[in-house]
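Numbers here simply count residues along the sequence, with the first being 1.
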Amino acid sequence: MKPGDQVKVSARGTCVFTVEDIDEDAGMAVIEVNADSPLTYPWPARITDLVPVED
């Protein structure tokens, strides 16, 4: 996983997020929802919870 990758927060998740930054040492990533909304903002998520989006 690297910045720019598309992920979901769980295997059953429906929202797609973009990875903005990763802190491997802390096991955390900063993600932002892919939506056309004025309320989007980056937020932290555990790397282990993130699931890559299949093309």
Side-chain angles (χ1 to χ4, degrees):
M1 190 173 310
K2 63 187 183 310
D5 284 355
Q6 305 293 296
V7 297
K8 293 182 181 180
V9 178
S10 73
R12 295 186 303 170
T14 56
C15 292
V16 177
F17 299 83
T18 299
V19 176
E20 300 293 327
D21 192 27
I22 295 177
D23 184 342
E24 295 281 345
D25 294 334
M28 299 295 289
V30 176
I31 61 175
E32 188 166 346
V33 69
N34 294 355
D36 293 330
S37 169
L39 300 175
T40 63
Y41 56 91
W43 57 283
R46 290 185 302 245
I47 293 171
T48 56
D49 290 342
L50 301 178
V51 177
V53 172
E54 301 291 326
D55 289 333

Are Met28 and Val19 grouped together when hydrophobic residues (ILVMFWY) are joined by side-chain heavy atoms under 4.5 angstrom apart? no

Where Leu50 and Ala45 come nearest, the two heavy atoms and their spacing: CD2-CB, 4.1 Å

Among residues two or more places apart or on two chains, list those pairs meeting ring pair (Phe, Tyr, Trp, His ring centres under 6.0 Å) that have a residue in residues 2-21. Phe17-Trp43

Glu20 and Pro3 have their tightest heavy-atom pair at O-CB, 3.7 Å

My understanding is that only residues two or more places apart in sequence, or in another chain, count here; which of them pass salt bridge (Lys or Arg N to Asp or Glu O under 4.0 Å) with Asp21? none

Can you hop from Ile22 to Ile31 via hydrophobic side chains spaced under 4.5 Å? yes

Compare every heavy atom of Val16 with every heavy atom of Val53, then report the nearest pair and how far apart it is. CG2-CG1, 3.9 Å

Which atom of Ser10 lies closest to which atom of Val51, heavy atoms considered: C-CG2, 3.6 Å

If two hydrophobic side chains count as joined below 4.5 Å and joins carry through other members, does Val33 share a cluster with Val30? no

